[in-house]
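Since the structure comes first, as structure tokens, the remarks are kept for the end.
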Amino acid sequence: TEIRQQRGEFEGAFDSLVHLAVIIDPNGVIRHANHAFLLRAQQTREQLVGRQLSDYLSQELAQWVRALPPSPLPGGFAVREMDDDSLNGVFFVTVSDFCDADGAVRGRVFMAPDRLTVSHLEAQREARRQQLTQSEKLAALGQFVAGIAHELNNPLQSVIGYLDLLRTTGAVTREAYPQIRTIAREADRAAQIVKNLLIFARSGHLARRPSHVNAILQRALRSRQQPCRAAQIEIVRNYDVTIPRIHGDPLMLHQVFLNVMLNAEQAVVATGRPGRIDVASTADRNQQRLIVTVRDTGPGIPEDLLSRVFEPFFTTKDVGKGTGLGLAISYGIVHEHGGTIAAANHSEGGALFTIELPFNLLA
């Protein structure tokens, strides 16, 4: 029973390798092949075992394997990068001695990591590293912004309070009243900026209740339907009607979708020609995430600016045409819900925003 268990663990670990792996005896006969090699060779394990490894390699690679010095190999292994037509890929081939518990050589292990697979895994690792770096940077920026916003809020509230006092007590002359009104309006605008900064820093309070993401999306899109029609922008909706409701703040989520929609709309308008905005919702039940995507046919986001789009006051618009707080606010709201929001460029052009909300918000 113990031997069977150990054999099962070995075969499971061997088959879980994403790289092609084969164990051969000293004569080059296949003793074991992992699942990746079976798929690439389009053979079953029964068809492979007992055959020569060279039967499944290109002539050049088979000759290289046969020409290796007898065991033990100098240094214990041999390496070569090769394009193999038989296995349909570019491989970084490694052949090493296969030894038993006493150190005696019983055969060899043929490993062939597919360079495309390796490149894909490296790209995924780099993307995760960049996401982590971005999250850490925005988290640190959020703490910094929250401190500043709180410090500004106290004197600002005093200014607004004294202005109200001046107006209600009649201590302001008629001639000065327009100037007082202007000061009050600008103070209120500053207070709103502070409030938005606190939302980015996730210092706000959510009014959670059962909400359906599709309904919130629809309300946000409806408010932009007329301006999009005037700008010759087609809105394409693709909702998954089976997604569950979540326990979130519908007003805050509405602001997120509206901000992202406005960003997409402005990107299309900037091209000076008709365009399209694709809005979709779906549920990844394996990862337990609700996913909303908004893609536009605008010019996309310059690669060197992708990491900055969620920073407060960052904007690519002309001076006076944007505060640079819309996406920063959206970032704070989504993260307050325990989700993520990411910006990327679509492979077919335009920008793609992806908002994910966890299933642990289920109502």
Side-chain angles (χ1 to χ4, degrees), residues 120 123-135 138-139 199-200 202 206 208-224 228 233-265 267-268 276-298 300-301 306-307 309-310 326-363:
H120 179 67
Q124 286 184 323
R125 184 164 58 247
E126 178 61 20
R128 286 195 293 268
R129 188 193 66 79
Q130 290 180 357
Q131 289 175 355
L132 180 61
T133 302
Q134 173 75 352
S135 296
L138 290 175
I199 292 174
F200 165 76
R202 289 178 277 169
L206 298 178
R208 298 180 186 269
R209 64 174 184 267
S211 310
H212 203 297
V213 168
N214 286 348
I216 301 172
L217 263 176
Q218 191 61 18
R219 285 197 299 272
L221 296 184
R222 192 180 299 121
S223 66
R224 303 308 306 167
C228 283
I233 300 174
E234 179 186 8
I235 300 177
V236 180
R237 302 169 178 84
N238 186 14
Y239 299 153
D240 181 352
V241 296
T242 66
I243 61 175
R245 294 197 300 173
I246 64 170
H247 198 65
D249 189 324
L251 292 178
M252 289 293 187
L253 291 175
H254 177 274
Q255 186 173 0
V256 170
F257 299 144
L258 184 59
N259 287 342
V260 175
M261 183 67 186
L262 280 168
N263 198 75
E265 180 184 331
V268 176
R276 191 181 74 253
I277 298 175
D278 297 325
V279 182
S281 67
T282 186
D284 184 342
R285 288 174 171 79
N286 292 327
Q287 300 294 325
Q288 296 200 340
R289 313 280 282 184
L290 295 181
I291 304 171
V292 174
T293 58
V294 179
R295 183 226 164 176
D296 61 65
T297 57
I301 305 169
L306 270 174
S307 62
V309 294
F310 298 110
L327 292 179
I329 293 169
S330 300
Y331 176 89
I333 293 172
V334 171
H335 277 257
E336 188 77 359
H337 280 83
T340 61
I341 179 171
N345 287 313
H346 196 274
S347 58
E348 297 179 4
L352 173 68
F353 282 82
T354 304
I355 300 158
E356 297 188 14
L357 298 168
F359 272 10
N360 61 13
L361 294 177
L362 288 180

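Only this structure's heavy atoms are used, side chains among them; waters, hydrogens and symmetry mates stay out.
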Do [X] and [Y] have side chains that approach each other closer than 4.5 Å (heavy atoms only, starting at C-beta)?
{"X": "Phe353", "Y": "Leu327", "value": "yes"}
{"X": "Ile291", "Y": "Thr354", "value": "yes"}
{"X": "Ser330", "Y": "Ile341", "value": "yes"}
{"X": "Phe257", "Y": "Ile355", "value": "yes"}
{"X": "Val213", "Y": "Ile246", "value": "yes"}

Arg295 meets the side-chain hydrogen bond (donor to acceptor under 3.5 Å, both in side chains) criterion, sequence neighbours left out, with none
Ser281 meets the side-chain hydrogen bond (donor to acceptor under 3.5 Å, both in side chains) criterion, sequence neighbours left out, with Asn214
Exercise: identify the closest heavy-atom pair between [X] and [Y]:
{"X": "Ile329", "Y": "Gln255", "value": "CG2-NE2, 3.6 Å"}
{"X": "Ile216", "Y": "Ser211", "value": "CD1-CB, 3.9 Å"}
{"X": "Cys228", "Y": "Glu265", "value": "SG-OE1, 3.7 Å"}
{"X": "His212", "Y": "Arg245", "value": "CD2-CG, 3.7 Å"}
{"X": "Met261", "Y": "Ile235", "value": "CE-CD1, 3.4 Å"}
{"X": "Leu357", "Y": "His337", "value": "CD2-CB, 4.0 Å"}

Atom [atom1] in [X], atom [atom2] in [Y]: separation rounded to 0.5 Å?
{"X": "Ile243", "Y": "Arg289", "atom1": "CD1", "atom2": "CZ", "value": "14.0 Å"}
{"X": "Thr297", "Y": "Ile277", "atom1": "OG1", "atom2": "CD1", "value": "7.5 Å"}
{"X": "Tyr331", "Y": "Thr340", "atom1": "OH", "atom2": "OG1", "value": "9.5 Å"}
{"X": "His254", "Y": "Ile333", "atom1": "NE2", "atom2": "CD1", "value": "11.5 Å"}
{"X": "Arg224", "Y": "Leu262", "atom1": "CZ", "atom2": "CG", "value": "4.5 Å"}

Tell me which pairs pass salt bridge (Lys or Arg N to Asp or Glu O under 4.0 Å) where either residue lies in residues 234-244, with sequence neighbours left out. none
Side-chain atoms of residues 344-352: list all donor-acceptor pairs with protein atoms under 3.5 Å, sequence neighbours left out, distances to 0.1 Å.
{"unit_1": "Asn345", "atom_1": "OD1", "unit_2": "Ile301", "atom_2": "N", "d": "2.7"}
{"unit_1": "Asn345", "atom_1": "ND2", "unit_2": "Ile301", "atom_2": "O", "d": "2.7"}
{"unit_1": "Asn345", "atom_1": "ND2", "unit_2": "Glu303", "atom_2": "OE2", "d": "3.1"}
{"unit_1": "His346", "atom_1": "ND1", "unit_2": "Glu348", "atom_2": "N", "d": "3.0"}

